[in-house]
Structures are given as structure tokens and as C-alpha cells.
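Data first, discussion second: the structure below is written as C-alpha cells.
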Amino acid sequence: MRRYNPREIEPKWQNVWAESGIYKTNMGRTADKFYVIPMLPYPSGDLHIGHWYNFGPTDTVARFRRMLGQNVLTTIGFDAFGLPAENAAIKRGIQPAVWTHSNIDSMTKQIAQIGASYDWDHTLATCNPDYYHWNQWLFLKLYEKGLAYRAKAVVNWCPKDQTVLANEQVVGDNNVCERCGTPVIQKEMESWYFKITDYTEHLLADLESVDWPEKVKTMQQNWIGKSQGALINFEVDGSDKHIEVFTTRPDTIFGATYMVLAPEHPLVMKIASDECQPQVEQYIEETSHKTELERKTSEKHKTGSLTGAYAINPATQTKIPIWIADYVLASYGTGAIMSVPAHDERDWEFAKKFDLPIVHVYDQTGASEDSWYNGEGIMKHSGKYDGLSTAEAREKIVTDLAKHKIAKEQTNYKLRDWLISRQRYWGTPIPIVYCEDHGTVPLDEKDLPVILPEDVEFTPTGRNPLLDREDFVNTKCPICGKAAKRETDTMDTFVDSSWYFLRYLDAKNNKVPFDTELINKWMPVDHYIGGIEHAILHLLYARFVTKFLHDHHGLDFEEPFKKLTNQGIILGPDGQKMSKSRGNVINPDEMVKSYGADSLRLYLMFMGPYEQGGPYDMGGIAGTRRFLDRFWTLLGEFLEAGSTAGDAQGLEITAAVHKTIKKVSQDLERLDFNTAISAMMELVNHLYKLKAETGLTQSASWRFALETLTQLLAPFAPHIAEEIWESLGHDSSVHISTWPQWDEKLVAEEIITLAVQINGKVRSEIVVPTDISEAEAIEIAKADEKIAPQLDGKTIKKAIYVPGRLVSLVI
RNA sequence: GGGCGGAUGGCGGAAUUGGUAGACGCGCUGGACUCAAAAUCCAGUGUCCGCAAGGAUAUGAGGGUUCGAGUCCCUCUCUGCCCACCA
């Protein structure tokens with residue numbers, strides 16, 4: 001008998017599939033289309049186990065859908081712009097383009113080992129001009145609608161990477177650069193922005209329409225950070241100036257005993273009294289030098305400085321002092337707050353420290369005035385609003401103040417516009433030139449793409465080499481033709497990945513970014529699978545771009561990803577995050593060498609719930625390999641046995657197979673890969689048992705079992721399934737065969753075992769026909785030889801029969 | 001501080017509406033095969049008592065509802081992830 005040798009059959013079938021083109025999708029057949037893709041990978045040059053965990057199961061879904069008869073498109077590409085290429089260039093003196101393309105080549109070869117059913121006609125790499133051309137097109141479209149703009153603002157700057165970062169790219173407790181971990185500093189710069197805030201409400205509301213993990217939806221909601229409240233105007237005492245504050249709790253205005261401005265607030269120096277001016281200046285100076293880390297660690301001991309100015313509380317008409325403090329952020333709301341120490345933790349701490357008055361303006365059951373409390377309650381110390389609920393007062397106070405134009409309702413968001421400028425070389429050039437006469441001028445669409453030179457010189461400082469490329473920088477003004485300068489900033493790579501799923505569908509179109517009619521037939525992506533690390537950034541940007549294209553470019557859908565699944569994280573065998581320094585990295589190439597791609601795919605899906613991830617176990621992959629070996633052995637014995645006349649175990653085998661079809665089908669639908677695989681293992685074990693009992697390995701029902709199992713296994717372990725399918729005498733691929741159907745009648749067993757409980761404890765088991773009546777079941781249970789003695793002299797108070805499960809007697 | 005998860009044998013994990021807890025895999029033990037080992041096959045494997053039949057006990061801890069709770073309710077402990085001075 002031939003041995004199972006994945007090293008031989010896996011490359012063989014990968015070649016056969018490539019040559020026969022069985023995974024090429026007919027793009028014209030759209031009625032039953034199913035578009036499933038993993039998230040666009042970065043071509044780091046090494047395919048790690050996390051990629052396998054993303055791509056393998058995604059391919060399993062694609063293969064399952066294909067066998068169910070749907071017209072599946074699945075493919076992959078590369079998110080090929082970005083910093084690592086430049087770092088490699090600086091460190092190793094190799095051009096980013098060369099480094100990237102060589103990585104793409106080697107990763108493409110590694111990806112081939114997975115045996116995924118990609119249609120490579122749809123692949124792309126974002127660093128190719130035929131892709132980034134359309135990033136530039138998108139930029140111009142946004143610019144036309146006023147949704148791409150340039151502004152001077154304080155931005156997050158990474159001193160190491162020498163570039164601006166989006167808010168979303170500043171991470172961790174101490175605000176470090178997402179890429180290199182260097183603490184980010186604040187710097188004022190001119191940058192390009194995409195006006196994502198125009199879509200805030202849509203981005204929020206449409207979350208309801210998608211089939212995404214609740215966790216991701218919540219993360220996006222929190223990021224958008226909608227809060228409803230009011231803007232209230234406070235008059236500065238003895239001046240014509242006003243301070244506007246944003247508050248979500250206008251009902252607590254009678255408890256506003258002081259105000260606080262952010263140190264950066266423009267009014268600070270204008271209102272500060274002469275005697276306070278020096279301290280105020282000093283405080284501003286001090287806080288401007290504080291790093292984010294220092295600002296955070298001072299969370300519990302607040303700092304601040306008195307301005308010497310006073311404001312009039314419009315509700316109480318009393319004078320309240322105005323402070324500045326860095327616990328108030330210039331970037332949120334109006335950069336100024338009314339402080340209600342009795343009902344806000346931060347204000348409480350500040351008031352305690354600086355000995356400011358504290359007035360509780362509502363009662364709350366269980367709360368004491370020895371401390372602050374928030375939430376709802378009954379108003380007091382609030383004039384005519386006393387006795388109302390806080391919710392009622394909230395509305396009334398704003399309405400009343402609004403009559404005097406002192407307040408108005410206001411909704412605030414945390415979401416900021418998307419800063420897309422990067423002072424880096426390896427990215428999409430922004431299609432803008434600067435002309436002395438005409439200022440900022442967008443290029444004409446016909447002049448696209450602005451080609452990024454691929455032979456540049458790097459200096460160790462990381463300075464953008466485009467700045468020194470005169471042939472790039474010097475150009476002509478599209479309006480007047482006079483000498484002008486090109487923008488040297490490039491786009492954030494998240495622009496690249498914000499629409500690539502549209503380009504996949506029409507990847508070779510060199511006239512337009514995509515054919516709208518085709519896109520409308522194939523979108524949205526039916527199932528999108530990738531890591532939760534993209535819960536905010538990528539997914540929010542992709543949704544924004546999709547909505548923009550919907551509004552202005554004829555897309556008839558507003559959400560790009562119908563269903564989203566986040567795979568878990570594979571940890572090292574020690575349960576820790578895999579890292580080179582820990583030495584716990586599992587190399588998938590080695591696993592493929594030792595066990596085969598099918599075993600690795602299978603193991604990754606078998607180790608636990610897909611969304612959970614977990615530690616990699618060397619024994620575990622040996623187990624899935626053993627399962628494939630056992631299946632292979634059954635096949636070999638079947639083929640060698642020759643034909644037999646009888647079909648002794650026919651019914652039992654048929655029932656077991658149908659049960660397995662049902663289980664695997666339903667589990668795959670839910671992405672419960674682990675239990676689907678265990679069901680297949682059970683069937684193989686069952687066949688082994690029958691073999692041991694009868695010595696038979698061949699009959700019509702054995703053939704049925706082996707063929708069906710091959711089909712069920714095909715989405716998980718595509719190579720061995722194809723090999724076995726061929727051995728069983730099929731000419732065409734198992735992967736385009738029709739997914740087996742189960743017969744409910746055959747799944748149902750004729751004889752079942754019921755548990756018999758006395759007072760809730762299992763005391764015996766009875767074997768009865770499935771369709772037994774309640775009365776019969778109870779009678780048989782009572783007469784059972786183990787049960788009867790225990791009933792002696794006792795009265796049965798109650799008898800419960802759960803069909804198919806148990807009989808419970810209460811005595 | 002806020003939000004969302006999670007806690008089941010030696011390990012990864014099953015248990016779809018409250019119905020025989022521990023499927024499946026790993027590991028371990030014993031047996032078959034072998035000169036021997038590996039591989040393979042067969043059997044066993046939550047814990048405690050017992051030669052056994054059997055019994056007791058058991059899903060982070062404690063309480064509750066129920067004929068019956070891993071699953072529902074209350075209290076608590078531990079833990080993972082995300083966000084966080086957002087007014």
C-alpha cells in the first residue's frame with residue numbers, strides 16, 4: 001500500500017489546480033456570487049503562522065461555498081507600501097521597491113503552499129502604479145467635493161520615523177508610535193486630511209446593518225464617541241468676552257462653582273489678571289513641555305493655575321473663578337468646561353486640591369455628599385428646578401437658557417478628520433502641485449498617475465528622499481504652466497487598503513478604478529476575515545471610502561463588508577505571544593515540511609474556537625496528521641480488498657455518515673471548525689471499529705462512507721481529499737463536486753438510550769425505540785431491574801419524560 | 001476608571017432550547033506486533049472509596065430557583081482583551 005506523502009501530493013495538486021484553472025471565477029455569473037477574502041497582508045517577506053490562521057480557514061469557507069454551488073471569488077494581494085521597506089533601505093542599502101517586490105515574490109511562493117483556491121487574476125500590490133494611480137484618483141474626487149483639504153494643525157509626530165501619525169496610529173498607555181514604539185510628540189504642521197467627520201452619523205447608524213462581532217461595532221461606536229449635551233455661554237465678569245463650554249450635564253449647572261480652560265485655550269492670556277499673568281505663563285510653559293506620559297500620570301493629582309478672572313454662572317448669577325488646567329483637553333468640546341465638583345470625579349479631585357466650593361445639586365439614593373456621584377437623581381439647590389428628575393431638568397434648563405441665547409443643544413464626537421499626509425517616501429504621491437500664482441493646485445485626472453521614482457537615495461536620518469529629487473519635485477503648474485513644486489508628502493497606507501476589495505473585482509482595468517456595474521453586482525464582500533487589530537482603523541476608513549463612493553461614484557451599497565469574522569491569535573507553545581526574543585516562534589514552512597499543509601490547516605482549525613486562538617501545540621498537529629494517516633489507510637485497504645458481495649454493516653455505516661454530513665455542514669456554516677473536524681474523526685474511528693469487528697473494509701456502504709468523508713474533508717484538507725477522490729475513480733476535482741446532503745430520516749436513530757433518574761440522579765439506562773410514548777417509557781423505566789428495587793415502598797410524586805433524553809422519577 | 005469576554009480533567013477543548021458533564025485531540029498507563037525500538041493497532045484514563053459490582057464527589061468560590069444547573073438569578077474571586085482626564 002502506498003504511503004501518505006504530503007510532500008509529494010501537495011505540490012502536485014497545487015500545480016494541477018493552477019494549470020486547470022478550476023478556481024478561476026466566472027465574473028459574469030453574479031446571481032449566486034459569494035465573495036470571501038482575508039484581510040490584505042503586508043509583504044514582510046515571511047509568511048507566519050498568523051497568516052496561515054487567517055488564510056487557511058478563509059479558504060475553507062470559500063471551498064465550502066463553492067461545493068454548495070455558489071459562484072465563489074476568493075483572492076489575495078499585498079498592502080505593499082509602508083515604512084518597513086524604507087527601514088530596510090536605510091539599513092541594508094536596498095531600494096524599497098526591490099525589497100518589496102522580492103518579498104512579494106517569496107511570499108507568493110509561501111502562500112501557494114497553503115493550497116488556497118485563489119483566483120490570481122484578481123491579485124494586486126498597492127505599490128504598483130496601476131493600483132496607486134487610483135488612490136490618486138480617489139484623492140482628486142475627495143478634493144473636488146471638499147473632502148480632501150490641507151490644514152495647519154498640531155499633529156502627532158513620530159521623531160524616529162520622522163512622520164505624522166493619525167490619531168488611530170498613536171497607541172498604548174504612553175502614546176507611542178504604532179509602528180516603532182517611540183513616544184509621539186506634538187508638532188504644528190501643514191497636513192492633508194480626509195473629511196471623514198462628514199460621515200460620522202452614517203458611520204454610526206449603519207453599524208446596525210452589518211453582521212459583525214458586537215465587540216467591533218462597540219469599538220467603532222466608542223471611537224466615534226458621540227455624546228449629546230449642550231453648549232453654554234459663560235460671561236467673563238467685567239469684560240465683553242464669553243467662554244463657551246460643552247457639557248453633557250446641563251442639569252448640574254447650579255453646582256458649577258468654577259470654570260477651567262485648557263492651557264492652550266485662545267482666551268487664556270486675554271483674560272488673565274495682571275497679578276496672575278506670570279503664574280499662568282509659567283503653567284502654560286510647564287504643561288507644553290510635559291509628555292503625554294507625564295500628563296497621564298498626573299491623572300490623580302491634578303495641577304492648575306488661577307487666571308484671576310471670574311465668570312458669571314448664568315443659572316446662579318454668582319461669580320465663579322476661572323482656572324486653567326491640563327486635565328481639560330483643548331482638542332475636545334470647546335476646550336473649556338464648567339466644573340461641577342459634586343458630580344464629576346475629575347472636578348472633585350481638582351476642587352479638593354485647590355479648596356474650591358462643592359455644591360451637590362441633586363440627591364441620589366445610596367450616594368453621600370462626602371463624595372462625588374454622577375448618574376440620575378432628584379434636583380435640589382437649583383431654584384425652580386428643585387424636585388424634578390435630573391433628566392427633566394436637563395431638558396428644561398437648556399430650553400430656558402436657550403430663550404436668552406445662552407445655551408443650545410449640541411452633539412459632540414471624538415472622531416477627528418483623517419490625517420493622511422506622511423512625510424515618507426514609500427507611499428502614494430499626493431497629486432497636488434504648489435504654484436506661486438495659483439497656490440495649491442490639484443492635478444488633472446489625465447495626468448495621473450504621478451509616478452513614484454523607484455531609484456532614490458536614502459540618508460541615515462530618514463529624511464524623505466523625495467525632497468532631494470529635483471526631477472520629481474520640479475514640475476509645471478497645470479493652470480499656468482509656470483514652474484511649480486510637487487507635494488512630497490505621500491498618503492497614509494490605510495488609503496491603499498480602504499478600497500482594494502473593489503479593485504480586486506476589476507484588477508486589470510486600466511481606464512477606470514473599477515467598473516461600477518460589475519462592482520455593484522459583486523459587492524459587498526460576503527465574508528471578510530482578519531484580525532481584530534483592524535477593528536477601528538482599516539474598517540472605519542474602508543467604510544468611509546465606500547460611503548463616499550456611494551454618494552458620488554455610483555456604488556449602490558453603503559457598507560463594504562456584510563459579515564466580518566475576527567480570528568484569534570495563535571500563541572507560542574508556552575502560551576505567550578510569539579516573538580523572536582522569546583524563541584517560541586512556530587515556523588509554518590517547517591510544519592509543512594514535517595506534517596504537510598493539510599495537517600497544518602487542519603490543526604489550526606481543530607485547536608479551538610476560531611475566534612479564540614490559543615497556544616500552538618506540537619502534539620496537536622501530530623494528532624491531525626495521524627487522523628489523515630488513518631483515513632488514508634482506510635482508503636488503501638478499501639482499494640486492495642477488491643469488491644465484496646454483501647453489505648453487512650450497511651445501515652449502521654449509512655446512518656453514521658449522514659450524521660456526520662449534518663454535523664459538518666452545520667458546523668461549517670457557523671465556522672465551528674473544531675467540532676466539524678472532531679465529527680470527521682469520530683466517523684473514521686467508527687469505521688476502524690467496524691473493521692476490527694468484522695474484518696471487512698469494502699462494500700457499497702464503505703465506498704459511500706469514504707467518498708462522502710472525502711468531500712467533507714475537502715474544504716479543510718484540499719490536497720489529500722483531491723488525491724483520495726482521484727483514487728476512488730473520479731475524473732473531475734472533488735472541489736467542484738456537489739456538497740453531500742443528509743437525510744434526516746437516516747440521521748434519526750431507531751433505538752436510543754434513555755437515562756433514568758431518581759430525584760435528579762442518574763440510576764440506570766434503558767434502551768427503547770425512538771418513537772416510544774411517554775407512558776411506555778415511564779413504565780419501562782419503573783420496571784428496570786436497577787430502578788424497581790429503589791421504588792419499593794415509595795410513592796412516585798412525579799414522572800418526567802424528555803423525549804430522546806431521559807425519564808426522571810421524583811419519589 | 002469604563003466596555004466586552006473568559007474560568008470545565010495533567011493539557012487544548014466538547015456539551016445547539018435547563019436534560020446522562022468531559023465528545024474529539026494531546027499526554028499518560030497497559031497490551032498486541034518486533035531481537036529491540038519507532039511507527040501502527042487494541043484497551044484504559046476527572047477525583048476519592050472499593051478486588052469487584054457499585055457508591056460518593058465534581059464545571060473558579062458561596063448562595064438561590066428547579067424533578068434536574070457548566071447552562072438561569074444574586075454575591076464574590078481571579079483573569080484576558082480593548083478604550084481611557086472626551087466634560
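Chain letters run A, B, ... following the sequence lines, proteins first and then strands; every chain starts at 1.
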Quiz item: Would you call the rings of A:Y258 and A:F350 parallel, tilted or perpendicular, where under 30° means parallel and over 60° means perpendicular?
Solution: parallel
Quiz prompt | Of the listed nucleotides B:C26, B:C4, B:U16, the one nearest the side chain of A:Q666 | solution = B:U16
Practice problem: Rounded to whole angstrom, note down the C1' distance from B:G70 over to B:G22. | Solution: 11 Å
Quiz prompt | Side-chain-base donor-acceptor pair under 3.5 Å for A:K215 and B:C82 | solution = no
Practice problem: Identify the nucleotide, in any strand shown, that forms a Watson-Crick or G-U wobble pair with B:G44, with both distances under 3.5 Å; if there is none, say none. | Solution: B:C28
Quiz item: C1' atom, B:U17 versus B:A32: distance in rounded Å?
Solution: 46 Å
Quiz prompt | Rounded interatomic separation in angstrom, taking CE from A:M681 and C1' from B:C26 | solution = 10 Å
Quiz item: Which value, in whole Å, describes the distance between the P atoms of nucleotides B:U79 and B:C86?
Solution: 26 Å
Practice problem: Compare the minimum distances between each of B:A43, B:G19, B:C42 and the side chain of A:R630, then state the nucleotide with the smallest one. | Solution: B:C42
Self-check item: Watson-Crick or G-U counterpart of B:G50, or none if no pair lies under 3.5 Å
Solution: none
Quiz item: Please give, in whole Å, the distance from B:G19 P to A:L809 CG?
Solution: 19 Å
Quiz item: Taking the six-membered ring for Trp, are A:Y541 and A:W418 parallel (under 30°), tilted (30 to 60°) or perpendicular (over 60°)?
Solution: parallel
Quiz item: When rounded to the nearest Å, what value does the distance between C1' atoms of B:G5 and B:G9 take?
Solution: 24 Å
Exercise. When you get a sec, tell me which of B:C41, B:A43, B:U20 is the closest nucleotide to the side chain of A:A755?
Key: B:U20
Practice problem: Nearest whole angstrom, please: distance from the P of B:G80 to the CG of A:N566. | Solution: 20 Å
Exercise. Hunt down the Watson-Crick or G-U wobble partner of B:G1, both distances under 3.5 Å, from any strand shown, or write none.
Key: B:C83
Self-check item: Base B:G19 paired with A:Q757 side chain (donor-acceptor, <3.5 Å)
Solution: yes
Practice problem: Provide the Watson-Crick or G-U wobble partner of B:C78, both distances under 3.5 Å; none if there is no partner. | Solution: B:G6
Practice problem: Would you indicate which nucleotide in B:A23, B:A87, B:U40 comes nearest to any side-chain atom of A:T248? | Solution: B:A87
Practice problem: In whole angstrom, give the distance that lies between atom CD of A:Q576 and atom C1' of B:G80. | Solution: 12 Å
Quiz item: Could you state the CD1-P distance from A:I243 to B:A87, rounded to the nearest angstrom?
Solution: 20 Å
Self-check item: Counterpart base for B:U20, defined by Watson-Crick or G-U wobble contacts under 3.5 Å
Solution: none
Exercise. Using a heavy-atom cut-off of under 4.0 Å over every strand shown, decide if A:D617 touches base, sugar-phosphate, or nothing.
Key: sugar-phosphate
Quiz item: B:U65 pairs with which nucleotide, Watson-Crick or G-U wobble, both distances below 3.5 Å?
Solution: none
Practice problem: Determine yes or no for a side-chain-to-main-chain donor-acceptor pair under 3.5 angstrom, with A:D672 supplying the side chain and A:T675 the backbone. | Solution: no
Exercise. Could you go through the ring pair (Phe, Tyr, Trp, His ring centres under 6.0 Å) check for A:H242 and A:F234 one step at a time?
Key: CA-CA 6 Å; A:H242 292 264; A:F234 283 65; over 10 Å; no
Practice problem: Go ahead and name the base partner of B:A58; Watson-Crick or wobble counts if both distances stay under 3.5 Å, otherwise write none. | Solution: none
Quiz item: Which residue lies toward the 5' end of RNA chain B, A:K663 or A:F606, if each is placed at its nearest nucleotide?
Solution: A:K663
Quiz prompt | Atom-to-atom span, CD1 of A:I532 to C1' of B:C4 - whole angstrom | solution = 9 Å
Practice problem: Answer yes or no: is there a donor N or O on one side and an acceptor on the other, between the side chain of A:D251 and the main chain of A:R394, under 3.5 Å? | Solution: no
Exercise. Give one of base, sugar-phosphate or nothing for A:N674, where a contact means two heavy atoms less than 4.0 Å apart.
Key: sugar-phosphate
Practice problem: For the pair A:T411 (side chain) and A:Q228 (backbone), establish whether a donor and an acceptor sit closer than 3.5 Å, ignoring hydrogens and angles. | Solution: no
Practice problem: For the residue pair A:W632 and A:Y4, categorise the inter-ring angle as parallel (less than 30°), tilted (30 to 60°) or perpendicular (more than 60°). | Solution: tilted
Quiz item: For B:G9, is chi within 90° of 0 (syn) or not (anti)?
Solution: syn
Practice problem: Calculate the interatomic distance between A:N374 atom CG and B:G1 atom P; express it in whole Å. | Solution: 14 Å
Quiz item: When the nearest nucleotide of RNA chain B is assigned to A:A336 and to A:V802 on a heavy-atom basis, which residue is associated with the more 5' position?
Solution: A:V802
Practice problem: Report which part of the nucleic acid A:P609 touches: base, sugar-phosphate, or nothing (heavy-atom distance under 4.0 Å, all strands). | Solution: sugar-phosphate
Quiz item: Taking the side chain of A:V810 as heavy atoms from C-beta outward, which of B:G13, B:C85, B:C67 is closest to it?
Solution: B:C67
Practice problem: Looking at every strand, decide which applies to A:Y688 at a 4.0 Å heavy-atom threshold: base, sugar-phosphate, or nothing. | Solution: sugar-phosphate
Quiz item: How far does the C1' atom of B:A7 sit from the matching atom of B:U40, given to the nearest Å?
Solution: 38 Å
Quiz item: What interatomic distance, in whole Å, is found between P of B:G25 and the corresponding atom of B:G46?
Solution: 15 Å
Exercise. Quick one: closest heavy-atom pair of A:M681 and A:T624, and the distance?
Key: CE-CG2, 4.3 Å
Practice problem: Using a 4.0 Å heavy-atom cut-off across all strands, classify A:T218 as base, sugar-phosphate, or nothing. | Solution: sugar-phosphate
Quiz item: Which of the following nucleotides, B:C85, B:A23, B:G12, is nearest to the side chain of A:R346?
Solution: B:C85
Self-check item: Options B:C67, B:A15, B:C86, nucleotide nearest the side-chain atoms of A:L329
Solution: B:C86
Quiz item: Should the pair A:E682-A:K663 be classified as a salt bridge under the 4.0 Å nitrogen-to-oxygen rule?
Solution: no
Exercise. Determine the contact category for A:Q612: base if any of its heavy atoms lies under 4.0 Å from a base atom, sugar-phosphate if only primed atoms, P, OP1 or OP2 are that close, otherwise nothing.
Key: sugar-phosphate
Quiz item: Rounding to the closest angstrom, what is the interatomic distance between B:U47 and B:A52 at atom P?
Solution: 14 Å
Practice problem: Using a heavy-atom cut-off of under 4.0 Å over every strand shown, decide if A:K691 touches base, sugar-phosphate, or nothing. | Solution: nothing
Quiz item: Do the side chain of A:H265 and the main chain of A:I324 share a donor and acceptor less than 3.5 angstrom apart?
Solution: no
Quiz item: If the C1' atom of B:C24 is compared with that of B:G13, how far apart are they to the nearest Å?
Solution: 8 Å
Quiz item: From B:G55, B:U20, B:G27, pick the nucleotide closest to the side chain of A:R763?
Solution: B:G55
Exercise. Give a yes or no on whether a donor-acceptor pair under 3.5 Å exists between the nucleobase atoms of B:U16, that is its base, and the side chain of A:R670.
Key: yes
Exercise. State which of B:G25, B:C83, B:G19 makes the closest approach to the side chain of A:N685.
Key: B:G25
Quiz item: Starting at CG of A:L571 and ending at P of B:C81, how long is that distance when rounded to a whole Å?
Solution: 10 Å
Quiz item: In terms of side-chain heavy atoms of A:S678, which of B:A23, B:C41, B:U20 is nearest?
Solution: B:A23
Practice problem: Using a heavy-atom cut-off of under 4.0 Å over every strand shown, decide if A:S227 touches base, sugar-phosphate, or nothing. | Solution: sugar-phosphate
